[in-house]
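Here is the structure we will look at, set down as structure tokens.
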2 protein chains.
Amino acid sequence: MKVLTIGQLAKKAQVNIETIRYYERRGLIPEPPRRDSGYRQYSAEHVAYIQFIQRAKTLGFSLKEISELLSLRVNPRTTCGDVKQRAEAKIADMEEKIQILESFKAALQRLVTACRGRGPTSECPILEAMNSQD
Amino acid sequence: MKVLTIGQLAKKAQVNIETIRYYERRGLIPEPPRRDSGYRQYSAEHVAYIQFIQRAKTLGFSLKEISELLSLRVNPRTTCGDVKQRAEAKIADMEEKIQILESFKAALQRLVTACRGRGPTSECPILEAMNSQD
DNA sequence: ATAAACACTGTACCTAAGTACAGAGTCAAG
DNA sequence: CTTGACTCTGTACTTAGGTACAGTGTTTAT
């Protein structure tokens with residue numbers, strides 16, 4: 001398995017080198033092994049970590065929440081029931097976000113449709129479209 | 001239509017008073033009328049604005065993006081085609097977010113299912129679950 | 001075997017999005 | 001008609017999430 005320097009990882013995952021070291025400090029990604037010189041040695045797994053973090057960020061999760069997501073696992077220190085409960089809470093969070101996104105999307109679609117219409121639309125069609133739904 | 005003071009609006013929309021003034025300064029919400037004393041007079045519409053902003057924030061939209069969403073409308077200054085194009089771009093954004101959320105959710109669901117399993121799960125089941133999908 | 005390109009640590013700086021006063025004026029309940 | 005709770009503006013502070021050096025050591029391509 002090929003190893004990557006921090007610079008190569010940064011390029012692959014499209015982030016700043018400093019961001020990687022920052023995530024490491026925050027405990028978001030596992031500390032990679034080092035060579036004798038102290039240089040970090042990353043693997044493909046780390047690319048996946050960084051990409052996961054970036055995606056989760058675009059969805060509005062904070063680094064703290066992302067860290068919780070990443071640490072969800074069944075191991076000798078956590079009971080299965082506990083993990084299950086936390087995971088289900090996260091699933092519920094995500095479902096709520098999906099719901100809101102769907103309603104925003106529907107509002108925008110109504111706006112696009114209304115576009116074929118004549119004159120100017122109201123003060124704030126998005127808000128109006130939102131209200132006409134929930 | 002009942003008017004609200006800034007304090008009442010803050011309570012209804014569950015935000016800090018300063019946040020409301022901040023949004024006004026940023027041009028995210030329309031400037032409300034004032035009484036002679038200078039006190040702001042809000043209406044129900046403003047509650048909707050604030051709530052929209054809060055929801056959009058939880059979905060990872062920046063205030064700049066939210067401002068773009070709020071200003072999407074057909075009026076004498078914008079051509080219909082322009083609005084349509086911008087709205088469709090936003091719809092695509094939202095669809096992408098929904099996709100990612102669905103994949104995260106599926107990963108968590110696989111974790112919950114695996115929970116009925118025996119021993120400890122792997123280093124990072126979420127990542128693994130993500131990879132086993134895309 | 002040496003220069004250019006990297007990496008290391010530590011500390012300082014930056015941006016977005018608030019949040020908190022200070023000092024002064026306003027409202028409303030008793 | 002006053003007093004406690006609000007509100008106003010303006011400016012300063014805070015927190016999260018990076019980003020940028022400075023000074024020093026390491027690789028690697030020639």
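For the numbers below, each heavy atom of this structure counts, side chains included, while hydrogens, waters and symmetry mates do not. Here is the naming used below: chain letters follow the sequence lines, and residue numbers restart at 1 for every chain.
When the C1' atom of D:dA16 is taken as reference, atom CD1 of A:I66 falls 12 Å away, rounded to whole Å. Taking atom OH of residue B:Y23 and atom P of nucleotide C:dT19, one finds them 8 Å apart after rounding to whole Å. Remark: P of D:dT14 and CG of B:N16 are 16 Å apart, rounded to the nearest angstrom. When the C1' atom of C:dC8 is taken as reference, atom CD1 of A:I20 falls 14 Å away, rounded to whole Å. One can place CD1 of A:I17 at 12 Å from C1' of D:dA20, the figure rounded to the nearest angstrom. With rounding to whole Å, B:L4 atom CG is found 15 Å from D:dC6 atom P. Residue B:Y22 contributes atom OH, which lies 8 Å from atom P of C:dA16 at whole-angstrom precision. Protein atom NZ of B:K11 is 12 Å distant from nucleotide atom C1' of D:dA5, rounded to whole Å.
Not a single donor-acceptor pair under 3.5 Å links the side chain of B:Q51 to the backbone N or O of B:A48.
Mapping B:G7 and A:I53 onto DNA chain D via the closest heavy atom, the residue that lands nearer the 5' end is B:G7. In terms of position on DNA chain C, the residue among B:L63 and A:E18 whose nearest nucleotide sits closer to the 5' end is A:E18. For the pair A:S62 and B:Q8, nearest-nucleotide mapping onto DNA chain D gives the more 5' position to B:Q8.
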I need a per-nucleotide contact map over nucleotides 23-30 of chain D, read 5' to 3'. Cutoff is protein heavy atoms under 4.0 Å; write B for the base, S for backbone only, - otherwise. --BBS---

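The residue B:R34 sits close only to the backbone: its heavy atoms come under 4.0 Å of sugar-phosphate atoms, none of a base.
In this model, the phosphate group of C:dT9 is approached by a side-chain N or O of A:R40 to a distance below 4.0 Å at OP1 or OP2. For D:dC8, the OP1/OP2 oxygens have a side-chain nitrogen or oxygen of B:R21 closer than 4.0 Å. Phosphate contact (OP1/OP2 of D:dG18, side-chain N/O of A:K57, threshold under 4.0 Å): present. Taking side-chain N and O atoms only, A:T5 has a distance below 4.0 Å to OP1 or OP2 of C:dA7.
B:I53 and B:I66 get closest at one heavy-atom pair: O-CD1, 3.7 Å. Residues A:K105 and B:M94 share a closest heavy-atom pair of N-SD, 3.8 Å. The minimum heavy-atom distance linking B:I20 with B:I29 is given by the pair O-CD1, 3.7 Å.
The only option from A:E68, A:E65, A:E95 that meets the salt bridge (Lys or Arg N to Asp or Glu O under 4.0 Å) definition with A:K90 turns out to be A:E68.
Between B:R21 and B:E24, none of the side-chain N atoms (NZ, or NE/NH1/NH2) sits under 4.0 Å from a carboxylate O, so this pair counts as no salt bridge.
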Set out, in order, the CA-CA distance, both residues' side-chain angles and the distance that settles salt bridge (charged side-chain N to carboxylate O under 4.0 Å, His left out) for A:K97 and A:D93, then state yes or no. CA-CA 6 Å; A:K97 287 187 192 237; A:D93 276 11; over 6 Å; no

